[in-house]
Structure formats: structure tokens, C-alpha cells
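Atoms within each ligand, like the ligands themselves, are counted from 1 in listed order. Because the structure is predicted, anything quoted here is derived from the model rather than measured.
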Amino acid sequence: MTKKTEWELEQAHLAMVYEKLVEMERKVINEAEEADEDSRSFLKNLSEDVRMNNSSAADSFESLIQVEQKNQELAQLNYKREWLEKQKNNIKQLMAGPYFAKLSVLYPEETETDEFYIGVAGFSDENHEQYVYDWRSPIANLYYENNLGQTSYEAPMGEVPVDLKNRRQLKVTKNKLMDFFDTSTAIEDPMLLEVLNEESSVKLQDITSTIQKEQNAIIRDTKSDVLIVEGIAGSGKTSTVLQRIAFLLYRYKDNLRPEQVLLLSPNPMFSKYIEEVLPSLGEKNPRQMTYRDLMRTRGKNHHIEELESQLTNYRVMDSLENMLEIERYVGELDATDLDFQSLTLGSEVVISAKWMRQTLMALPKEVELYRRLGYLQEKMQEALMSYIKTESRKPKWRNELENLSNEEYNQLFSQGPGRGDKSKGREKNEDEQIDQIIYKLVHRRYSVIRKAIKSYRWLDLDSHYLLAVGMPLEQPMSLDQATEFAYLNYLMVDRGNHTQTKFVVLDEVQDYSEAQLYFLAKVYGKANFTLVGDGYQSIFAQGTTFSRVEALFAGDKRRVTSVKLLKSYRSSGPISHFMKHLLGGDESGVEVIDRPGKEPEIKEILDLDSYLNYLKVRLASCQVDQRQVILTKDSNEARKLYQQLNQPTGVTLIADSTKLDLSGQQFIMPIHLAKGLEFDVVVVHDASAKRFASQHELNLLYTASSRAMHELYLPYIKKPSHFIV
Ligand SMILES: Nc1ncnc2c1ncn2[C@@H]1O[C@H](COP(=O)(O)OP(=O)(O)OP(=O)(O)O)[C@@H](O)[C@H]1O
């Protein structure tokens, strides 16, 4: 068949699928409107349908059953609305481009090929006719595996052998066919090259239609407990793990919710950078935070050093050793070793240390200490509740009530029934109402105690830390000390809180210290890990080599798989060659995709004034559709350069990890805040010999250069770094 006729057939098929999508969209919108209306009227009628009848035990019971039924109905209505919302989103995404690939597959003992179209989501009509297959479905694996001829794919019922007759990539926009290519095993496929030549964007994009074979293996891995990916800059580590999260959410859709996936990102800016990838695949973002944020949530108000100080802050003591010391210490700890602190409100002792000790000592010794402390915590909450009840009967509170301002009174009054409210559903007399308000007032007064119980303020964890590692907590704490403290906290009191997390994904794993990785491996002991990074981009004072990462996670019978990614999809051919040169040439194993581009400019400049002029010209010559960055070694340098250039208009200075805005076009920023990001044009600030000489500085230089997609500038004053010549 000629390409022309093929084209007509494909165009006709596309038009048909698009039409089906339009029909389905109409249907889903109608259903969604009906479902919204159903929920509205359900809620409106709810108070009339359900009236608590407490006249007798049987009546109350009947009423409760009715309430339960209504709850279930409401849950179903909500579920339906959510489902329709997801359908709407999927259809919207598909309408932008219904599919990107077609597989022609011959099954054994059949004579005619079956055709499967692959898209960002699946699509079938009400008769279950499947028009588009989700890229995560088993059959779609054939597209990414890219083996024509006899092959197979893994379906739920087992391995299915097939003959893959053709693999077609299609470029479609809405209902219009733009192009198609029949590809075999060519690595540098036309669609990929087209995508890679595009300009950079403010946010990372999904790579669904051009995922490469080696990336696909990572995305679909379900066998490993720990998957370690060591990949050069731009090899798609971040993109791949995001696609992997989408894959896992699809694969385990009945048992995995996005909040059970924890994605630890290198800096706050990064979270913004990647936030659109999963929604573009119709999935919700997982729990996302930096490791520092994670420590903050467990640091009990202790202050942690800023990201910047991690660049230089070497600690003398080996932190992993401290973690083991903490384990030994807690292992040998006896209930009699514990120091309790009475919980007081002013001079009033609400729960005494003596009571805590006695309650703990009454518990069986065989039960692990952290469980006993957890139980004690529950007992303390109960003790507080009965304390509040007794307290609220005292007449003094009536006086306090009278002294409340109108505003405070109304606030208490409007908060709805409190926990002690037993008269829900029937008219209350004035006395009951006053009792209820007093209860709330007292409850509120003692809320600090409730919080103190919850956060274990009654246990002096700071001094246990001192006893365990032989040194006090610093202010601010280094990230490693925060880790040690969090580990102590975990071992002593906080073990139950981490079991919900099923997948932990770590980007830039080389920047984590051994103690931090050890902490994650232990605390999320039941989770599956995906750890990605690049040893050459190790720019913080504390980091871990990949062999150590593997060793740290290999314990506890975990199945560890290590994979390498050696091709940069980000940078043009000449920039990739330059990166390869920085990494030691052929020995590095780096493979270059030779797509054309401008050679990196390595330029000698004689003095500071001419250098600043050079930068000004560079900034002025940035094209409208390009994003350009000047990368400095640290934040102070970024600030200084910004001043030296007279705060150039249209250029955003980013020097503070808490104030990040990537929406502009040109930037001056330190390298560590640009981690994970990419720009059309990168200028490395003064790549001279004295500034880039050590291994650490080589890593900085490599990290900076590898942010560039299309153009790289390396100006230097007087003498160039020996790495670049
Ligand atoms: N298979 C692919 N198809 C199209 N683009 C790709 C593919 N893989 C990666 N890319 C693109 O390459 C660029 C780099 O990807 P990504 O940021 O995921 O790499 P990385 O390995 O995490 O880089 P770094 O270590 O430098 O942060 C992105 O623009 C991404 O869209």
C-alpha cells in the first residue's frame, strides 16, 4: 500500500475515534451534571430524611442504621462524581491527541493481524469496543520494547507470544494526522528527535510517546524491592521515575493511592518544576517534599540548617556510626532509664511525671518499650479528658464564661456541638447549653496539654539524644543531626506512623548522606524504593557513592536491582560530547545522541570589566523563545554578580531556596538550586582555572554545563580551568 493510501486510512480511523470521543464527552458531561444534581438534592433532603429518634433503644438503633445507609449512599454518589471527573479529564487529554502509536500484532494460529492504538489513557465506548489502549497496559509494552518479529508480552494470565508485524508512531493533533513513521529498532527515532529539538519549557513535560527501551524497563519494574538508577545528567531519570509513579498507580490501582507514594525532591523549586507531569497523565501528584521538610516534620520544632550550608558543612563524626549508636542505646534502654516531665499549665500540674512512671511500670515488660510508650500516650489522653470533665464541673468556669468578650463567647457558641455533647438531635435547655460551652472553653484551655502529649513533650528526647551519641543537639541542627534525632524519635516512640507509605522515590540520591539513606531504609522498611541519581553531580559536602547506596539497601533481604542510563536526551550532540569529555571520554561509557547543535563557546576574557560586558551582551542577545541562565558556584556569588551587572532588567535573581520563581525568561542562580532543571542556554560563571580545579569543582562544572539543552557558554578570566581545555 502506498503511503498516500495508508495516510487516508489512518486519517479516517483518527476521525472516527475522535468522533467517538466527542460523543463520549457529551455523555460524560451530562452524567456528571446529573450526578452533581443528585448529590445536591441528596444533601438538601438529608436532614429531613434522617431524624434521630431517641425515644427508645430500638428507635435509636433504627435511626443509626438509617444514618449509616445514608452515609453509604453519599459515599457512592461521591465515588461516581470522582469517577466521572476522571473520565472527563481522560477524554479531554485524549481529544488533544487520541493516540501516538499503533501496533500490528499477529497472534499464533491466526491469519489476520490485530491493531492496537496506544494513547496517554485508555478509551472504549459503552459496547466495550476498545479504541485506544493505555500506554501502561500490557500490550503497550511491545511498543516500548521495540522488537519487531517474534516477541511476547506479559498479560495478567501469563506470557503471550506474538508476532509484531509493525510498530507505527503517529503524530496527531486532535482529529488531524500530522505524520506517521513505521519504525524498527532505530534508537534515534524521528519522533524522539523532533521532541528533543524543541525549546525548553518552564515545567518538565511527560515523555509518554517517546519513552526509550532502557527507561521502559525502569518504569515497568515490579520485581525489585529497591531499584537503583545511576544515570548521567539529562538521561531522563526524573522523567522516568514520574512515568514510573504513573505506571504504579495504574498497575496497583485498587491498592495504591497517590498519598502512599512519597517523592523526595532535591529542593522546593523542583517540586514546582515537575508538578504538571502526573496530572498530564491523568494521575494525582504523590506526597512530595524535600528531605529537609521530612526532617522538619519530625524535628519537634528544632531548627535545621539551610540548604546552602550543606555545600560546605562537613561533619567530623561519621553520622552512620551515630545511627548505630542510637540503635544500641534504644535497644538497651529500660523503662527505669526514662526521664519524664510533668505536664503543667502555669503552676497547675495536669499530669505528673510520677503518674506517668507508675502507669508505664504497670505495663508488662515483655512488650517493646515503644509500644508501652504509645500505650502510655493513649492513657494520658484519656486522663486529660477526664481531668477536663472534672474541671469543667467547677463553679469558677461559670464566672470565666461571664468575663468572656462577646466575640469569644460567640466563637465558642458557633463551633457546633462538642465532644461531650449527648443531646444532639433534641432541643437543649439553657443549662445544658451553658455546660456545653463551658466544656468547650475548658477543652480549649487545655489544648496545649493535648498537643504536648501528642508530640511527646513529656519525654526528654533531647537528653536521650545526648546520652546516645555523647553530644548535645546543635542549633540549628545539621541535616544529619536532624536525621539522628528523628531516628531516635522513631525508635523510641514513633514507629507506627510510616506503614502507609508503599513506594518511596528519591531523586538525586548521591546527595544523601549514609545516615539519611539508612534512616529511610529503616523507617520505610516495608516500602519499595526507587533511587535515582548521578554520582558526577554530587555537589554537597556529604554524599554517598552508588556502591554504598546498594550496600545500605541490600540488607533485610531486599531484592536490589541496579541500572545505568548513559545517554543524555537533554543536551545537543556538541554539548553531550563536552559532558562526555568532562567525565573522562570513552571510559565514562557515555553514549551521545548526535543531534546537531552549536559547539560550546569557551572564551578567554582579559579582565573583570570586559567579562561583565560579555555577560551583558549575552543577556541582551537571548532570543524571545529561549530561557537562559547564568550559573554561579553559590548564592552569595549569584547576588554579587547580579549587583555587578546592575540588576539587569528582565533577569531574575534566585539566591534563596525559599523564594523561587521560575516563570521568567532569564536567571542568575547558584548551581545547587538549578539541580534537575534545564535551560535552552547556560552560561557558567567564570570557568577559570582557580575556580574549577578540584574534584568537587569538576562536579559543579558538570552539573552546571549539563543544564544546557541547546547552547553552552564557558567564559573565563585569564586562565581556563584545565577541565575545559
Ligand atoms: N524518552 C524521552 N523522550 C523525550 N524526551 C526525553 C526522554 N527522556 C528524557 N527526555 C528529556 O530529557 C530532559 C532531561 O530529562 P530528565 O530531567 O528527566 O533527566 P535527568 O536524568 O533527571 O537529568 P538531571 O540528572 O540532569 O536532573 C527532559 O527535557 C526530558 O523531557
Inset, instruction - Give me the ring orientation class for Phe519 and Tyr291: parallel if the planes are under 30° apart, tilted from 30 to 60°, perpendicular past 60°. - result: perpendicular

Legend entry - Arg136: salt bridge (charged side-chain N to carboxylate O under 4.0 Å, His left out) partners, not counting sequence neighbours: Asp134, Glu283

Legend entry - All salt bridge (charged side-chain N to carboxylate O under 4.0 Å, His left out) counterparts of Lys203, not counting sequence neighbours: Glu275

Legend entry - Arg558 side chain vs Ser224 backbone, donor-acceptor pair below 3.5 Å: no

Inset, instruction - Classify the side-chain pair Asp534/Tyr702 by whether it contains a donor and acceptor separated by less than 3.5 Å. - result: yes

Inset, instruction - Non-hydrogen atoms closer than 4.0 Å to ligand 1: which protein residues do they belong to? List them by chain and number, please. - result: Leu192, Leu196, Leu204, Ile207, Thr210, Ile211, Gln212, Gln215, Ile232, Ala233, Gly234, Ser235, Gly236, Lys237, Thr238, Ser239, Gln537, Tyr569, Arg570, Gly676, Glu678, Arg707

Legend entry - Pairing residues for Lys580 by the salt bridge (charged side-chain N to carboxylate O under 4.0 Å, His left out) criterion, not counting sequence neighbours: Asp586

